[in-house]
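The structure is given below, and queries will be raised subsequently.
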Amino acid sequence: LAALLGIPRAAAFDLNAACSGWLYALEVGRSLILAGSARNVIVVTAELLSRITNPLDHETAFLFGDGAGAAILTKAQGGHRLHRIGISGDAEQFAAIQRTGGGARIPWPDAKGDLHHFYIQMDGVAVFKHAVVGFAEQIEQTLRRERLNTGDIAWVVPHQANARILKAVSKRVGIPYEKFVVTIAKYGNTSGASVSMALGWAAEEGIFAEGDRIIFCSVGAGLTFAGGLLVW
């Protein structure tokens, strides 16, 4: 990617935090700039979940999609202001959604091998339970960190898990569902790309106004959690 962009000497590396990947990467990029290690950072997220989704699995086949998004971070007076992104996780729930194959324990098989381990496997009940709590905690922690209340928030741009989860989160935190940017019906759940794609879609639709406070939040496999504030 760096070569294609004409910046072959730029530092470039991958970061994987599943559905929270873009928010984790935003915080890493923001921190590099604040530390003086970088002046400009491009944060790109891309997912091809169709390659690892079992078309016969009715819990996942209809849900996941492919997509990509990007943002440029820079230390400047103009533009949209990204505040700290809180990142955390719950490793005890790693089995709630995972791929058990493809690593050293279960290496990739030959063409005639059993592909079951190489598709996404999800415990829907566990994911729903922990996702609702995780999303809500990220929103609440962001509000406390920024010394805001729910009425100060214009929009929530969440990871596009599924509508049932997001409606439950809305009810739990007391922010109307109408303030949630939801693009699941349009793109599906694109994992790490979903927040960037939802933000891009909303910006293109012109729904944000200058000064709007926007909360990002995500829950991903791992489990990984992230949440923070963007001022438009």
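Heads up: numbering here begins at 1 and tracks the sequence.
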message = For R81, I'd like to know if atom CZ has over 12 heavy atoms of other residues, nucleotides or ligands within 6.0 Å.
response =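 Atom CZ in R81 is not packed in, count stays at 12 or less.
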All side-chain hydrogen bond (donor to acceptor under 3.5 Å, both in side chains) counterparts of N162, not counting sequence neighbours =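 Counting only residues at least two positions away or on another chain, N162 forms no side-chain hydrogen bond (donor to acceptor under 3.5 Å, both in side chains).
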message = I'd like to check the ring-ring contact (aromatic ring centres under 6.0 Å, His included) partners of H83; sequence neighbours left out, ordered by chain and number.
response =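 If we apply the ring-ring contact (aromatic ring centres under 6.0 Å, His included) test to H83, skipping adjacent residues, there are no hits.
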query = What are the two closest heavy atoms between F225 and G134, and how far apart are they?
reply =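 Answer, listing the atom of F225 first, then G134: CE2-CA, 4.0 Å.
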ask   = Should V41 and F13 be regarded as members of a common hydrophobic cluster, given that ILVMFWY residues are connected when their side-chain heavy atoms come within less than 4.5 Å of each other, either directly or indirectly?
value =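 V41 and F13: one cluster.
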ask   = For I72, does the CD1 atom have more than 12 heavy-atom neighbours from other residues, nucleotides or ligands under 6.0 Å away?
value =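 12 or below, so no.
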inquiry  = Holding to salt bridge (Lys or Arg N to Asp or Glu O under 4.0 Å), I want the full list of residues that pass it with R213, two or more places apart in sequence or in another chain.
reply    =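 Salt bridge (Lys or Arg N to Asp or Glu O under 4.0 Å) list for R213, sorted by chain: empty.
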task = Might you confirm whether atom CD of E205 has over 12 heavy atoms from other residues, nucleotides or ligands at distances under 6.0 Å?
result =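 Buried by this count: over 12 neighbours within 6.0 Å.
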key: Connected via hydrophobic side-chain network under 4.5 Å: L199 and F180   =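 Per the 4.5 Å side-chain linkage, L199 and F180 are not co-clustered.
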request  = Would you please classify the geometry between the W155 ring and the F208 ring as parallel, tilted or perpendicular, with 30° and 60° separating the classes?
outcome  =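 If you compare the ring of F208 with that of W155, the planes turn out perpendicular.
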key: From T224 atom OG1 to Y24 atom OH, the distance as rounded to the nearest 0.5 Å   =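 Output value for this atom pair is 5.0 Å.
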ask   = Is the shortest heavy-atom distance from the side chain of R172 to the side chain of V132 under 4.5 Å?
value =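 With C-beta onward as the side chain, the pair touches.
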ask   = What is the minimum heavy-atom distance between A226 and I87, and which atoms define it?
value =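 In terms of heavy atoms, the two residues are closest at CB-CG2, 4.1 Å.
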query = Would you say L82 and V195 are hydrophobically clustered, going by side-chain heavy atoms of ILVMFWY under 4.5 Å?
reply =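 Yes.
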message = Quick check on the hydrophobic clustering: are L26 and V28 connected, directly or via other members, by side-chain heavy-atom contacts under 4.5 Å?
response =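 Yes, same cluster.
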task = Determine the interplanar angle of the W22 and F216 rings, folded into 0 to 90°, and report it as parallel if under 30°, tilted if 30 to 60°, perpendicular if over 60°.
result =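 Because their plane-to-plane angle is over 60°, the rings of W22 and F216 count as perpendicular.
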Same cluster (ILVMFWY, side-chain, under 4.5 Å), Y177 and I139 =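 Yes, it is one cluster - the side chains of Y177 and I139 are joined through contacts under 4.5 Å.
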inquiry  = Tell me whether the count of non-hydrogen atoms from other residues, nucleotides or ligands lying under 6.0 Å of NZ in K129 goes above 12.
reply    =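 Open.
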request  = May I ask you to test the Q160-V182 pair for a side-chain heavy-atom distance under 4.5 Å?
outcome  =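 When only atoms from C-beta onward are counted, V182 and Q160 do touch, with a gap below 4.5 Å.
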query = Heavy atoms, side chains only, cut-off 4.5 Å: are V173 and V156 in contact?
reply =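 Of all side-chain heavy-atom pairs linking V156 with V173, none is under 4.5 Å.
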message = Test your reading of the model: is there a side-chain donor-acceptor pair from T45 to the backbone of G192, 3.5 Å cut-off?
response =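 Yes.
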key: Minimum-distance pair of heavy atoms, taken over all atoms of S170 and P176   =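 Minimum heavy-atom contact is OG-C, 3.5 Å.
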task = Inspect the surroundings of CG in N16 and state if more than 12 heavy atoms from other residues, nucleotides or ligands are less than 6.0 Å away.
result =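 Count not over threshold, so no.
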